Colleague: 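Quick one: the structure is below, questions incoming.
The structure presented is a predicted model; accordingly, all values stated were derived computationally and were not measured. Every chain is numbered from 1, with letters handed out A, B, ... down the list of sequences.
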Number of protein chains: 2
Amino acid sequence: MAKNRKSCEVPDATIHRLPLYLEKLKLLQAIGVEDVSSRQLAESLDIKASQLRHDFHYFGGFSRPGRPYQVAKLVPALEQIIGIAEPVPTAIIGAGHLGQALANYQNLDVQGFPVRGIFDTNPKLIGVEMRGQPVRDMDELEKVIREEKIKIAILTVPAAQAQTVANRLVEAGIIGIFNFAPADLKVPEGVAVRNERLAVGIMSLSFKVKCILQSQEEDITEV
Amino acid sequence: MAKNRKSCEVPDATIHRLPLYLEKLKLLQAIGVEDVSSRQLAESLDIKASQLRHDFHYFGGFSRPGRPYQVAKLVPALEQIIGIAEPVPTAIIGAGHLGQALANYQNLDVQGFPVRGIFDTNPKLIGVEMRGQPVRDMDELEKVIREEKIKIAILTVPAAQAQTVANRLVEAGIIGIFNFAPADLKVPEGVAVRNERLAVGIMSLSFKVKCILQSQEEDITEV
DNA sequence: GTAAAGCTGTGAAAACCGTAACAGAATACT
DNA sequence: AGTATTCTGTTACGGTTTTCACAGCTTTAC
């Protein structure tokens with residue numbers, strides 16, 4: 001189908017907004033809202049209504065002119081687009097503090113990413129129960145990935161081991177890697193990597209803080 | 001100085017790349033590399049050399065035409081721009097799993113953000129030692145922020161409490177909030193917020209995974 | 001000493017994204 | 001019934017970001 005192919009040619013910026021739309025819509029659904037206009041939804045997310053409609057337009061539109069969006073139709077449509085209409089089995093590699101935090105992050109399951117495997121090499125951690133399942137030895141990695149049909153892996157190992165582990169993941173059939181290690185992973189085509197660098201986040205925040213402090217100093221000296 | 005004011009009018013996209021440049025440069029510095037060309041540095045980060053030079057150009061350039069960049073000069077220059085030439089005292093609000101993970105994230109200190117306060121309301125957590133300091137009661141929040149001159153707060157409380165806590169932080173003098181709660185914080189001008197939504201990250205990854213799977217199916221049926 | 005190669009700084013071109021404007025359709029109101 | 005209002009889908013516009021191209025400087029090779 002041409003539409004599927006086309007629906008993947010979408011700006012990154014739009015893709016990053018889809019989860020925000022879905023989150024807000026689920027919230028509305030939970031409090032019993034049935035209809036929502038592009039303006040209402042957009043304003044609650046601090047964006048322009050035209051942008052929201054433009055985003056939806058990439059996927060063909062979800063309503064008819066003159067009628068607001070129906071929450072009950074929009075939610076499954078977005079889930080379909082994002083790829084979580086069916087639960088996506090997920091693994092966590094690295095059961096350190098961050099891995100534990102993510103394993104216990106309840107929303108992961110709720111939002112469509114049930115954790116079907118937690119792995120580590122540390123003998124002290126192997127066997128420990130986390131969220132109803134034991135931490136497994138890395139030896140079992142390939143076996144569990146295949147048996148549980150895991151497609152996405154969350155990587156929270158030290159940077160030095162990230163590439164080695166990534167190679168094993170790809171070999172075992174993983175298609176998406178959510179990488180928390182500060183390393184640039186090289187993966188073959190057909191594998192998606194998303195880097196989540198906490199250091200980048202806090203540093204760009206720091207840049208803005210510095211700018212705010214500077215402008216405050218200027219204001220003082222100017223007065 | 002006009003330059004300071006100007007140096008804050010920089011595209012967000014550029015700001016987000018600065019930490020990546022710094023990280024890579026520190027790595028080069030650690031292995032003894034003295035000079036690096038824009039091409040070398042850019043290629044190791046999977047971006048175009050012209051973009052890197054363009055980014056640096058916002059700050060006036062760091063070399064002279066004809067000569068490559070000197071790592072030893074670039075590192076402190078970037079630290080100055082990002083605002084971490086001096087350590088930036090930081091607090092963690094919420095000592096749950098994620099808060100603990102961040103508190104124990106060694107690099108935070110190394111990268112210029114020493115944790116000077118960890119707070120929670122849970123009596124079971126208060127007093128527990130994390131990374132050499134006790135978890136404090138939220139009652140002490142304002143006092144510690146003022147005493148330690150804390151400017152940046154990492155917010156890892158539940159979404160329902162995020163806005164209330166953010167208000168207290170702003171009131172106490174916090175200028176930058178690194179928000180991990182899935183909530184849209186409203187803050188006055190002069191306060192920077194950076195939202196880090198783990199759910200958004202994994203969902204945009206899921207979108208790409210779905211696209212990869214679809215294109216693979218198409219390839220099969222086409223063959 | 002001169003030519004060649006390599007490098008940055010810089011401004012213009014191209015690509016991309018966000019915003020605005022409007023046509024057409026459904027509803028609400030008089 | 002007819003008009004006004006509200007709403008989406010869609011296209012065109014404007015601004016921003018990325019990429020390209022090149023001028024000018026520095027070193028290297030011969």
Side-chain angles (χ1 to χ4, degrees), chain A residues 2-3 6-21 24-25 28 33-75 77-78 81 200 204 207-208, chain B residues 3 6-21 24-25 28 33-75 77-78 81 200 204 207:
Chain A
K3 197 186 166 188
K6 205 180 84 185
S7 75
C8 294
E9 291 161 10
V10 170
D12 268 9
T14 293
I15 296 172
H16 293 332
R17 280 190 292 268
L18 295 180
L20 299 178
Y21 298 149
K24 190 66 76 174
L25 283 164
L28 292 175
V33 176
E34 290 182 358
D35 295 340
V36 64
S37 72
S38 60
R39 187 186 306 180
Q40 290 171 314
L41 188 51
E43 279 182 1
S44 72
L45 288 165
D46 262 322
I47 63 169
K48 293 280 189 294
S50 57
Q51 178 165 69
L52 185 148
R53 291 200 300 273
H54 204 304
D55 284 342
F56 285 3
H57 182 51
Y58 283 104
F59 308 102
F62 298 119
S63 177
R64 263 172 254 125
R67 304 209 47 178
Y69 299 108
Q70 290 171 264
V71 178
K73 286 190 177 176
L74 212 40
V75 168
L78 282 175
I81 290 168
V200 171
S204 39
F207 177 87
K208 286 177 185 160
Chain B
K3 197 186 166 189
K6 204 180 85 186
S7 75
C8 294
E9 290 162 9
V10 171
D12 267 10
T14 294
I15 296 172
H16 294 331
R17 280 188 294 267
L18 295 180
L20 299 177
Y21 299 149
K24 188 66 76 174
L25 284 164
L28 292 174
V33 175
E34 290 182 358
D35 295 340
V36 64
S37 72
S38 61
R39 186 184 310 179
Q40 291 172 312
L41 188 51
E43 279 182 1
S44 72
L45 289 164
D46 263 322
I47 63 170
K48 293 276 188 296
S50 57
Q51 179 166 68
L52 186 149
R53 292 200 301 273
H54 209 300
D55 283 342
F56 285 2
H57 182 50
Y58 284 107
F59 308 101
F62 299 119
S63 177
R64 261 169 253 130
R67 305 208 47 178
Y69 299 109
Q70 291 172 265
V71 178
K73 287 190 177 176
L74 212 39
V75 168
L78 282 174
I81 290 169
V200 171
S204 40
F207 176 87

Colleague: Indicate, with a heavy-atom threshold strictly under 4.0 Å, whether Ser63(A) touches base, sugar-phosphate, or nothing.
Modeller: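 Sugar-phosphate, backbone atoms only, no base.
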
Colleague: Ignoring backbone atoms, test whether Arg67(A) places a side-chain nitrogen or oxygen under 4.0 Å from the OP1 or OP2 oxygen of dT27(C).
Modeller: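 Affirmative; the distance criterion is met.
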
Colleague: Calculate the interatomic distance between Gln51(A) atom CD and dT8(D) atom P; express it in whole Å.
Modeller: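 Distance, rounded to whole Å: 15 Å.
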
Colleague: How do Pro11(B) and Arg39(A) order along DNA chain D: which one's closest nucleotide is nearer the 5' end?
Modeller: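 Looking at the nearest nucleotide for each, Arg39(A) comes out on the 5' side.
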
Colleague: Roughly, in whole Å, what's the span from CG in Asp12(B) to P in dG15(D)?
Modeller: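 So the CG-P distance, Asp12(B) to dG15(D), works out to 19 Å.
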
Colleague: Using 0.5 Å steps for rounding, measure from the CG atom of Leu18(B) to the CG atom of Asp55(B).
Modeller: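 Rounded to the nearest 0.5 Å, the CG-CG separation comes out at 6.5 Å.
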
Colleague: Should the ring pair His57(A) and His54(A) be called parallel, tilted or perpendicular, given that the plane angle runs from 0 to 90° and is split at 30 and 60?
Modeller: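 Taking His54(A) first and then His57(A), their aromatic rings stand perpendicular (interplane angle over 60°).
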
Colleague: For a quick test of reading the model: is some side-chain N or O of Tyr69(B) closer than 4.0 Å to OP1 or OP2 of dG9(C)?
Modeller: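 Yes, within the criterion.
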
Colleague: Would you indicate what Ser37(A) reaches in the nucleic acid, counting non-hydrogen atoms under 4.0 angstrom: base, sugar-phosphate, or nothing?
Modeller: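 Here Ser37(A) touches the backbone only, sparing every base.
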
Colleague: Let me spell it out: for each of Pro65(A) and His54(B), pick the nucleotide of DNA chain C with the closest heavy atom. Which residue's pick is nearer the 5' end?
Modeller: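 In this pair, the answer is His54(B).
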
Colleague: Indicate, with a heavy-atom threshold strictly under 4.0 Å, whether Arg53(A) touches base, sugar-phosphate, or nothing.
Modeller: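 Arg53(A): base contact, heavy atoms under 4.0 Å.
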
Colleague: Contact class for Arg64(A) (heavy atom, under 4.0 Å): base, sugar-phosphate, or nothing?
Modeller: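 Sugar-phosphate only.
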
Colleague: At 4.0 Å (heavy atoms only), tell me whether Phe56(B) reaches a base, stays on the sugar-phosphate, or touches nothing.
Modeller: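 Result for Phe56(B) = nothing.
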
